[in-house]
Number of protein chains: 2
Amino acid sequence: MYRTHNNGALRAEHINETVTLAGWVQKSRDKGFMIWLDLRDRYGITQLIFDEERTPKDVMDLAKTLGREFVIQVTGKVIERESKNAKMATGDVELLVEKLEVLNEAKTPPFTIEDTTDGGEDLRMKYRYLDIRRNPVKEKLIFRHKVSIAVRNYLSEQGFIEVETPYLIKSTPEGARDFVVPSRMNEGQFYALPQSPQTFKQLLMVGGMDKYFQIVKCFRDEDLRADRQPEFTQIDCEMAFVEQEDILNIFEGLTKHLLKEVVGFEIENFPRMTYDEAMAKYGNDKPDIRFGMEFCPLTPKGGTDFGFGVFDNAELVNAINVEGCADYSRKQIDELINWVKRPQIGATGLIWVKYNSDGSLSSSVNKFFDEEYLKHFAEATQSKPGDLILIMAGETYKTRTQLSALRMELATRLGLRKSDEFAPLWVVDFPLLEWDEETERYHAMHHPFTSPKPGQMELLNTNPGDVKANAYDLVLNGNEIGGGSIRIHDKETQSKMFDYLGFSKEEAQAQFGFLMDAFQYGAPPHGGLAFGLDRLVAILGGQETIRDFIAFPKNNAGRDVMIDAPATIDAAQLEELNLKVTI
Amino acid sequence: MYRTHNNGALRAEHINETVTLAGWVQKSRDKGFMIWLDLRDRYGITQLIFDEERTPKDVMDLAKTLGREFVIQVTGKVIERESKNAKMATGDVELLVEKLEVLNEAKTPPFTIEDTTDGGEDLRMKYRYLDIRRNPVKEKLIFRHKVSIAVRNYLSEQGFIEVETPYLIKSTPEGARDFVVPSRMNEGQFYALPQSPQTFKQLLMVGGMDKYFQIVKCFRDEDLRADRQPEFTQIDCEMAFVEQEDILNIFEGLTKHLLKEVVGFEIENFPRMTYDEAMAKYGNDKPDIRFGMEFCPLTPKGGTDFGFGVFDNAELVNAINVEGCADYSRKQIDELINWVKRPQIGATGLIWVKYNSDGSLSSSVNKFFDEEYLKHFAEATQSKPGDLILIMAGETYKTRTQLSALRMELATRLGLRKSDEFAPLWVVDFPLLEWDEETERYHAMHHPFTSPKPGQMELLNTNPGDVKANAYDLVLNGNEIGGGSIRIHDKETQSKMFDYLGFSKEEAQAQFGFLMDAFQYGAPPHGGLAFGLDRLVAILGGQETIRDFIAFPKNNAGRDVMIDAPATIDAAQLEELNLKVTI
């Protein structure tokens, strides 16, 4: 036995007991006649004391040689601490060391292993095993475990069965790019790694499994944006004999359970909002509703026009009311105007109206609107004295998304996006299709297995962009946590959908023939969803970036810099796979 | 809502309630004026009744058109059944149908969807989604889920943290063949899919995670033997600051818990046996100890030789006592002799001694041994009247493995391998190395990270085959469920081990440099194990084959015949990956 207790265990009740501990040297203070040493492991820190008068000389001498991160084992008596540390769980006691063994030495770490480290991102990635020793990273991994097991137990109690679906499947040109795996036994052929277990979970429904879930790795060979990983984890679910309402209820339950269980947050309000409403009110299909600042479209006062060209020529004149910001300086406002004009946002300008604390109103468009007119805007935006009204005008979609970006930016600056507050909602009735500028055709917004709303299939031929789907997203604090849909479950509709999406009969048959065949043997109505676990865990943990919630993440070039992968492989390996590298 | 109850739910207490059910038509009996129909879902079967006098005519007519596996929804009143069926959970009631909707039609399935099916293996694989509807397959998948969640909760309660390790890692020539994944972003380079998360879990120990587990898919591109899959699932565990004893205790606890929790079997005896002992007593490093028939080496009576060349020239004369088989006929015994002479076993012969019920003894070697001498053999094997002694002689290892094969075969024939009995044991002290005939050198028996027993490192230079490792296997009912070891945790020993195994310094550094580097920054003593979940679940489920415990297994050519994978991929995909297929 290497230890009788871990380093988070000792309390006043252990005083006078002889115990053995093991762990890492966090730091030590050598006063010559006395050495204090913090011994660390996953569970905490215990203070060791080596005392010239009470510790054997050889142990004392050895203790003086210990460096940071040495792995040691000590035996001694638990004694009361002279100066107690109420901040430490073990702060009432210390261990008077009698025996000391160095289990392993350590070179000086390339960065300090403390809550706040001097290590840069790259160095921390290369020595990830050292970074994991730091509390902030370690705690995130433990938190992830807690979320995962809470998900599993909740779904299991609801009658869901976790079924493992295969990782070596078939490549399909639909959606994102697949990672492929050459097959040695089937010459010249390739498996693909799943982007999601979509077709398999649908087949499980055809197979009568009724309630399926899986926490599962998925893969996408996309050019990586910040905070995307080529491999990511999904909570994947599917149910048979359900309508959208059944699914929303179950996963609303799961979300509430997780919030309560792992972060102690009780949700009372779990709104649902249509995609159209979300776009109109927030300019965003994943609105952050922890704060207000909802869009207020402006209309002319009385007459039919504003008498201001910018507004009159605009499809939409949209405003937000920023509470308590009427005292923004000219400089602050100019900065905001420049912010929305950045290429990432692309707005042409920003109009402001100040509802000053003294009740007066002023604006950047004083030339066109007198104070009386501005009052009309203030009413439309429910402003009160002290508030700042910001207005954008132009083409509807652009104006909304630009104003949405501004709304989020302001909320961040004003501290309205509180990491310990949680505001989930369902966004429902997504469009079935979205227009792709590049290929100049409609693509499935969710995926080609999503069913249109009843009776809307006909619209495909006349107004495809208007077709709404039985599709929904779970949004949490302005992040899309996941989404799903009620699926098509009959061959005819599925076949029509492939047809509409530009698959030839042969392609559809070659790639998804097995699914359409399956639909002919008694497929039940079914639907489901998938949550991104990495993001869910990060949001629940009050963070925006997912990387530290992943034990061994890859960098933006898809590389694991710790193990240095990917790498070249042997010529013999390539030959066995009948492959040649062409560069 | 598609249903108010599932098909396993209705009881006498529901009589007179109006309910809605949905499911698949299992079968129907049409008596013209009355139709009985079994409606099936995951949860059970409910009998529906359509009655000319009580069911609307249009419903009655529609009911007559329903074929097997049609998906229907029915509403009606729960009534008491005239002839109750005590074998069915819902056998007290039936549903008098008032409304019927066909949710989906079904073509005639290619095989019958019943507990015993007429479908052959190939057909069932192709239409796996139909096979899963059958109770025996469905129940196995649900059983697997129960095992998985029991494992997770048990380990979690013991303080283990499930950490997800990456799937896109680096190829190493050590061990089995890797599946590789070409990287598009890192031109000409490849990831590999993990054969196990071995190095990552060791790095987690270096990272202070202390107690890690993961239920995780692993991959091996090997020529598939029966009942092997290219992708398989492991329960993977690692602990820091542990000795072998700590690990055996924890996972003995897990095994007992699983047996009690999922199959209701309580284990009292959980023996440990050295590898040497297992080989000597059972000729096998994974002995089935549900029954005896242990090996009894024979020695000459009195003198120094047997006076029988076959025995006297043999390194080992080994016997088993087969209880109650003295009445085997000449034909039965000849069949056994032929059985051991088959090329798969390769024995040259088999000698028998019958301890007849009347107390007399006879044998196939009467010429060399009189009855008095045979009594000596009977004593050595603890035979009693009515038993049959079977003897093999020759080179030690061969004799043992051949006699082991015979022992297992006889146990199967005699019904001694009971599927509802469970006899786990630990086999410990495995050799560190095993000789590989092909490459004419020693290989790591477990893997190159396994530590030799203390003080045995020196033997490497003189008697490498004798070096024992801190390695152990969990054996259950004659199957290796998994194994593990205490690992090397210092750079010097690890480096020596790579050296010994024939890695050049450069190779070792290129492939495992990150691990040896990690060992220099304060690596704790650690060890762990991995259980094969597929096999564990199969054995717990009382089965020998794993395939039906996997939702979508691949065939022996590594193909998924349902989705027809692997398959060729687009020329454009290949080009993006800078690859050319050379056949």
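A, B, ... follow the sequence lines: proteins, then strands. Residue 1 opens every chain. Basis for what follows: all heavy atoms, side chains included, without hydrogens, waters or symmetry-related copies.
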In Å and rounded to the nearest 0.5 Å, what is the [atom1] to [atom2] distance from [X] to [Y]?
X        : Y        : atom1 : atom2 : value
B:Ile569 : A:Lys170 : CD1   : NZ    : 13.0 Å
A:Lys138 : B:Ile161 : NZ    : CD1   : 10.0 Å
B:Gln520 : A:Thr108 : CD    : OG1   : 11.5 Å
A:Phe190 : B:Gln573 : CZ    : CD    : 8.5 Å

Should [X] and [Y] count as side-chain neighbours, where that means a heavy-atom distance under 4.5 Å?
X        : Y        : result
B:Pro182 : A:Phe179 : no
A:Met209 : B:Ile142 : yes
A:Leu203 : B:Arg128 : no
A:Leu204 : B:Phe552 : yes
A:Tyr521 : B:Glu69  : no
A:Arg42  : B:Lys211 : yes

Contact part of [X] toward chain A, heavy-atom cut-off under 4.5 Å: side chain, backbone, both or neither?
X        : value
B:Val242 : backbone
B:Thr568 : both
B:Met205 : backbone
B:Leu155 : neither
B:Leu574 : side chain
B:Phe213 : side chain

Side chain, backbone, both or neither: which part of [X] has an atom under 4.5 Å from a heavy atom of chain B?
X        : result
A:Ala510 : neither
A:Lys217 : side chain
A:Ile149 : side chain
A:Glu105 : backbone
A:Ser171 : side chain
A:Lys126 : neither
A:Leu21  : neither
A:Val181 : both
A:Asp223 : both
A:Ile550 : neither
A:Asn6   : neither
A:Asn249 : neither
A:Thr199 : neither
A:Glu222 : backbone

Identify the heavy atoms of [X] and [Y] that sit nearest to each other, and give their distance.
X        : Y        : value
A:Ile563 : B:Phe200 : CD1-CZ, 3.7 Å
B:Arg133 : A:Gly522 : NH2-O, 2.8 Å
B:Asn556 : A:Met185 : O-CE, 3.6 Å
A:Trp24  : B:Gly208 : CH2-CA, 3.5 Å

Residue selection (most heavy-atom pairs with chain B, distance under 4.5 Å) from [options]:
options                      : value
A:Ala551, A:Ser183, A:Ser156 : A:Ser156
A:Phe241, A:Tyr127, A:Phe514 : A:Phe241
A:Val137, A:Ile215, A:Ile169 : A:Ile169
A:Gly159, A:Pro230, A:Ala572 : A:Gly159
A:Gly188, A:Ala518, A:Pro109 : A:Ala518

Worked verdict on A:Glu162 versus B:Arg152 for salt bridge (Lys or Arg N to Asp or Glu O under 4.0 Å): CA-CA 12 Å; A:Glu162 185 161 21; B:Arg152 285 193 159 101; 3.6 Å; yes
Counting distance only, does the side-chain N/O of [X] pair as donor-acceptor with the main-chain N or O of [Y] below 3.5 Å?
X        : Y        : answer
B:Asn186 : A:Ala557 : yes
B:Asn578 : A:Ile583 : no
B:Lys554 : A:Leu168 : yes

Of all of [options], which one pairs up most often with chain A through heavy atoms under 4.5 Å apart?
options                                : answer
B:Leu141, B:Asp221, B:Val581           : B:Asp221
B:Phe219, B:Phe160, B:Phe519           : B:Phe219
B:Asp131, B:Ile132, B:Val180           : B:Val180
B:Leu577, B:Asp210, B:Leu103           : B:Asp210
B:Asp560, B:Asp490, B:Leu130           : B:Leu130
B:Gly207, B:Pro566, B:Ala192, B:Ala106 : B:Pro566

Counting heavy atoms not belonging to [X], are there more than 12 under 6.0 Å from its [atom1]?
X        : atom1 : value
B:Glu575 : CD    : no
A:Glu139 : CD    : yes
A:Lys491 : NZ    : yes

Results of side-chain hydrogen bond (donor to acceptor under 3.5 Å, both in side chains) for A:Glu576 - residues two or more places apart only: B:Arg177
B:Tyr167-A:Tyr167 aromatic ring centre distance below 6.0 Å: yes
A:Thr233 vs B:Glu164, side-chain hydrogen bond (donor to acceptor under 3.5 Å, both in side chains): CA-CA, chis, key distance, verdict: CA-CA 9 Å; A:Thr233 307; B:Glu164 295 176 51; 2.5 Å; yes
Pair A:Arg3 + B:Asp246, salt bridge at N-O below 4.0 Å: no
Under 3.5 Å side-chain donor-acceptor pair for A:Asn153 and B:Asn153: yes
